[in-house]
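Every chain is numbered from 1 and lettered A, B, ... according to where its sequence line falls, protein lines coming before strand lines.
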Amino acid sequence: MINSRKYYITTPIYYVNAEPHIGTAYTTIAGDVMARYKRLCGYETFYLTGTDEHGQKILRSALSAGLEPKELADRVVTKYKEVWEELNIKYTRFIRTTEEKHKKAVQFLFRKIDHNGDIYKGKYSGWYCTACERYITLKESPDKKCPVCQRQTEFFEEENYFFKLSKYQDKMLSYLREHKDFIEPSSRYNEIFARVKMGLEDVSVSRASFDWGITMPIDEKHVIWVWFDALTNYLSGIGYPDETDNFKKFWPANVHLIAKDILWFHSVIWPCMLMSAGLEPPCKIFAHGWWTMNADKISKSKGNVVYPRDVIDKFGVDGLRYFLLREIPFGLDGDFSFTALKNRYNNELGNELGNLVMRTVVMVEKYSNSTVPQYNPSEVDKTIMETLRSTQKSICDHMEHFRFSLALENIWEIIRMSNKYIDNVKPWLLAKEKLSHLNTVLYTLTETLRIISIYLMPFMPASMETMRKQLGVSDENISITEGLEFGQIKPGTRVSKGNPLFPRVEDK
RNA sequence: GGCAGGGUAGCUCAGCCCGGUAGAGCAAGAGAUUCAUAAGCUCUUGGUCGUGGGUUCAAAUCCCACCCCUGCUACCA
């Protein structure tokens with residue numbers, strides 16, 4: 001039975017042969033936004049991220065750097081943790097696959113699956129491209145040339161242990177049929193469904209050609225395949241198999257957030273492994289898209305990799321967090337460009353939101369002695385109330401379904417409405433004529449901003465904290481369930497003008 | 001090749017399910033204002049809705065054909 005008041009969300013564990021870049025930051029920020037949102041909704045939330053540290057590639061990278069693989073991993077892990085801290089990522093736990101706990105969990109899970117009769121010794125053979133380190137299928141290349149690098153491949157045969165994936169084909173298929181929202185976006189669901197229908201073949205889950213990995217319990221000459229190892233982090237990260245209370249509380253995961261390239265492993269191999277071990281599959285796999293850079297594919301060789309630091313020096317952490325989730329619908333591919341970033345930052349964050357906060361706070365200072373005035377509920381602007389009411393449901397609905405960009409669009413409707421409102425009622429004239437309606441206007445504005453700050457807290461925690469200080473509500477307990485009702489800011493609350501929240505960026 | 005999705009203003013997209021001669025944001029241009037980060041507000045320019053046929057009083061929207069683009073088509077992670 002799924003505990004409805006808990007929320008368990010994960011990112012993939014990142015491979016430690018590269019430093020965190022915009023792509024890994026994207027997944028991690030999205031997960032953080034969701035985790036923060038769920039916390040605001042009152043859920044006991046577990047947000048897991050970490051690093052994948054085994055495998056041949058790591059071994060090679062380490063050797064060429066003159067390091068032990070673990071040393072290399074340690075260094076990169078430090079980088080990851082630094083960057084996540086910088087980006088304000090509030091994870092519950094950072095797991096490393098080289099941890100003893102994790103290794104034990106992997107071996108435990110492996111034994112379970114073995115005891116269930118789903119592991120057997122066999123031979124894996126095929127045409128292998130040494131350069132790309134991958135087997136090719138005759139379907140993708142009948143002439144036996146590597147489809148990626150066009151090099152001639154060699155025939156290899158190795159003795160491996162296999163997992164009986166094929167045994168779970170029917171179960172997997174009916175699971176997919178019964179859980180239409182298991183994989184999102186739905187286009188990905190359709191792809192996977194079609195592939196599973198074509199049939200499942202057993203997968204090799206051990207390697208004997210190198211030893212940087214977790215030793216296979218039933219044959220010490222083999223290490224466990226990195227994917228088997230890596231996927232298990234979702235269990236070991238919450239205490240499997242020993243910390244039964246925590247594990248029982250949080251499993252199954254509500255969502256595994258991933259990039260689209262690793263969908264197969266997460267949506268098919270992983271659930272089948274879990275079925276074999278008698279565990280429930282995760283509730284949802286959400287596969288997001290890729291970023292291009294000025295419409296070009298991002299790659300090391302092209303030298304156009306964007307690192308978080310490149311962005312936050314100029315646009316701030318929240319500028320980055322906002323842009324990534326606002327620019328493209330979550331799930332689709334999108335283009336990263338500093339032009340687009342600057343436009344959104346200046347227009348939406350600086351002009352529309354930042355300036356709204358500024359003009360509101362300054363007016364309260366000037367016209368109301370820096371304190372939020374009393375208001376007359378019957379005089380509250382109807383269009384503002386209507387906008388707040390109509391957006392509330394849809395914002396929360398969008399958030400629940402990872403439609404971050406639409407949630408933000410809705411929030412910006414409120415912001416734009418507020419700017420219009422000011423221009424319509426012209427508080428500076430009301431002040432001149434000493435009309436009492438001014439009080440209601442100022443109250444409405446500060447209160448609307450308070451509500452906006454709650455909505456935006458998951459996206460831009462640092463800026464919203466600053467903004468709430470300016471509004472004088474920083475010590476208030478924030479909750480989505482209770483904080484959205486109009487009329488909570490207390491008359492007499494002192495506002496204080498601070499520096500612009502999002503100072504304009506001029507060049508670049 | 002097979003399966004899936006898409007081709008709508010300069011750009012990014014909504015509308016298509018439930019037919020009635022096109023919408024938003026950005027970009028561009030103009031105006032009135034001043035509380036404000038020269039921000040905000042108002043207005044304007046701008047599309048024969050991939051191509052060709054068909055159904056219909058009426059099609060971006062339904063049907064057929066074609067062209068083009070993208071994704072998936074299993075073990076580097």
Side-chain angles (χ1 to χ4, degrees), chain A residues 12-18 52-58 60 124 126 128-137 139-140 148 160 162-163 165 185-205 207 225-230 260-265 268-269 289-290 326-329 332-335 337 339-340 343-344 346-367 405-406 409 412 415-416 418-431 438 441-442 445 497 499-506:
Chain A
I13 46 175
Y14 303 113
Y15 215 47
V16 290
N17 64 347
D52 182 7
E53 308 184 7
H54 291 129
Q56 193 168 25
K57 247 188 185 160
I58 300 300
R60 286 197 185 153
Y124 189 76
Y128 187 81
C129 174
T130 324
C132 298
E133 292 175 31
R134 65 187 294 244
Y135 283 97
I136 65 157
T137 59
K139 231 189 283 170
E140 61 182 349
V148 178
N160 279 329
F162 282 74
F163 168 57
L165 189 65
S186 57
S187 53
R188 299 291 164 201
Y189 173 95
N190 294 336
E191 286 175 7
I192 293 297
F193 190 80
R195 272 175 74 176
V196 174
K197 249 196 325 204
M198 291 190 320
L200 296 180
E201 286 169 25
D202 296 345
V203 289
S204 66
V205 289
R207 294 291 127 97
W225 180 43
V226 277
W227 268 111
F228 191 107
D229 171 354
K260 62 186 186 182
D261 55 332
I262 55 176
L263 182 57
W264 178 254
F265 303 99
V268 179
I269 297 180
W290 283 117
R326 176 65 189 81
E327 179 69 1
I328 56 168
L332 300 184
D333 291 347
D335 190 53
S337 77
T339 312
N343 279 342
R344 285 210 187 272
N346 278 342
N347 293 343
E348 291 164 11
L349 292 182
N351 299 347
E352 293 181 325
L353 173 59
N355 187 52
L356 172 64
V357 175
M358 184 65 90
R359 64 200 301 214
T360 299
V361 170
V362 168
M363 282 193 286
V364 172
E365 282 192 348
K366 282 191 180 170
Y367 305 145
S405 61
L406 290 179
E409 262 182 46
W412 251 256
I415 292 169
R416 294 194 174 119
S418 303
N419 274 318
K420 282 194 225 293
Y421 175 59
I422 296 178
D423 282 74
N424 285 342
V425 296
K426 302 182 177 60
W428 51 94
L429 290 188
L430 298 180
L438 176 64
V441 171
L442 295 181
L445 286 170
K497 180 185 150 189
N499 295 325
L501 279 175
F502 306 100
R504 285 184 65 84
V505 170
E506 290 308 338

Rounded distance in Å between the [atom1] positions of [N] and [M]:
N     : M     : atom1 : value
B/G6  : B/A14 : P     : 9 Å
B/U61 : B/G53 : P     : 14 Å
B/A22 : B/U8  : C1'   : 9 Å
B/G20 : B/A36 : P     : 48 Å
B/C66 : B/A27 : C1'   : 35 Å
B/A28 : B/G40 : P     : 12 Å
B/U33 : B/A39 : C1'   : 13 Å
B/C63 : B/C18 : P     : 10 Å

Next on the checklist: So which atom in A/Arg359 and which in A/Ile422 form the shortest heavy-atom distance, rounded to 0.1 Å?
Outcome noted: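 Between these two residues, the closest heavy atoms are NH2-CG2, 3.5 Å.
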Nucleotide paired to [N] in any strand shown, Watson-Crick or G-U, under 3.5 Å:
N     : value
B/A59 : none
B/C26 : B/G10
B/C41 : B/G31
B/C66 : B/G50

Next on the checklist: If only side-chain N and O atoms count, and only distance matters, is there a donor-acceptor pair under 3.5 Å linking A/Asn17 with A/Arg60?
Outcome noted: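 No, A/Asn17 and A/Arg60 have no side-chain donor paired with an acceptor closer than 3.5 Å.
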Using a cut-off of 4.0 Å on non-hydrogen atoms, how would the nucleic acid contact of [X] be classed: base, sugar-phosphate, or nothing?
X        : answer
A/Trp225 : sugar-phosphate
A/Ser204 : base
A/Asn424 : nothing
A/Asn346 : nothing
A/Arg207 : base
A/Phe502 : base
A/Leu200 : base
A/Ile328 : nothing
A/Arg188 : sugar-phosphate
A/Gly350 : base

Would you check if the side chain of [X] reaches a backbone N or O of [Y] as a donor-acceptor pair within less than 3.5 Å?
X        : Y        : result
A/Asn347 : A/Glu352 : no
A/Ser337 : A/Ala340 : yes
A/Lys426 : A/Asp423 : yes
A/Tyr367 : A/Leu442 : no

Checklist entry - Between CG of A/Asn355 and CG of A/Leu349, what distance do you get to the nearest 0.5 Å? => result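 Answer for the CG-CG pair, A/Asn355 versus A/Leu349, is 12.5 Å.
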Checklist entry - Can you find a donor-acceptor N/O pair under 3.5 angstrom joining the side chain of A/Asn351 to the base of B/A39? => result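 Looking at the base of B/A39, it does not pair with any donor or acceptor on the side chain of A/Asn351 (distance under 3.5 Å).
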Checklist entry - What salt bridge (charged side-chain N to carboxylate O under 4.0 Å, His left out) pairs are there with at least one residue in residues 193-203 of chain A, not counting sequence neighbours? => result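 Sorted pair list comes back empty.
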Any N/O pairs under 3.5 Å between the protein and nucleotides 31-33 of chain B? List them or say none.
none

Next on the checklist: Any non-hydrogen side-chain atom of A/Trp227 less than 4.5 Å from a side-chain atom of A/Ile262?
Outcome noted: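 Heavy-atom side-chain distance check passes, below 4.5 Å.
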Next on the checklist: I want to check something: taking the side chain as every heavy atom from C-beta on, are A/Glu327 and A/Ser405 in contact at a cut-off of under 4.5 Å?
Outcome noted: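 Not touching, per the 4.5 Å side-chain cut-off.
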Checklist entry - By side chain to side chain donor-acceptor pair (under 3.5 Å), which residues pair with A/Asp261, not counting sequence neighbours? => result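 None.
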Next on the checklist: Run the side chain to side chain donor-acceptor pair (under 3.5 Å) test against A/Trp290 and tell me which residues pass, sequence neighbours left out.
Outcome noted: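 In terms of side chain to side chain donor-acceptor pair (under 3.5 Å), with neighbours along the sequence ignored, A/Trp290 is linked to no residue.
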Next on the checklist: Using OP1 and OP2 only, check whether a side-chain N or O of A/Lys366 sits under 4.0 Å from B/A36.
Outcome noted: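 Indeed, a polar side-chain atom of A/Lys366 lies that close.
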Next on the checklist: Under 4.0 Å from OP1 or OP2 of B/U73: is there any side-chain N or O of A/Arg195 that close?
Outcome noted: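 Looking at the OP1 and OP2 atoms of B/U73, one of them is under 4.0 Å from a side-chain N or O of A/Arg195.
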Quick one: which protein N/O atoms are closer than 3.5 Å to N/O atoms of nucleotides 8-18 of chain B? Pair and distance per line, please.
none

Checklist entry - Which of these nucleotides, B/A77, B/G40, B/A74, is closest to any side-chain atom of A/Trp264? => result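 Of the candidates, B/A74 comes closest.
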Item to check | Worked verdict on A/Glu348 versus A/Ile415 for side-chain contact (heavy atoms from CB on, under 4.5 Å) | outcome: CA-CA 9 Å; A/Glu348 291 164 11; A/Ile415 292 169; over 6 Å; no
Distances for protein N/O vs nucleotides 42-46 of chain B N/O pairs under 3.5 angstrom?
{"from": "B/U42", "atom 1": "OP1", "to": "A/Lys420", "atom 2": "NZ", "distance (Å)": "3.4"}

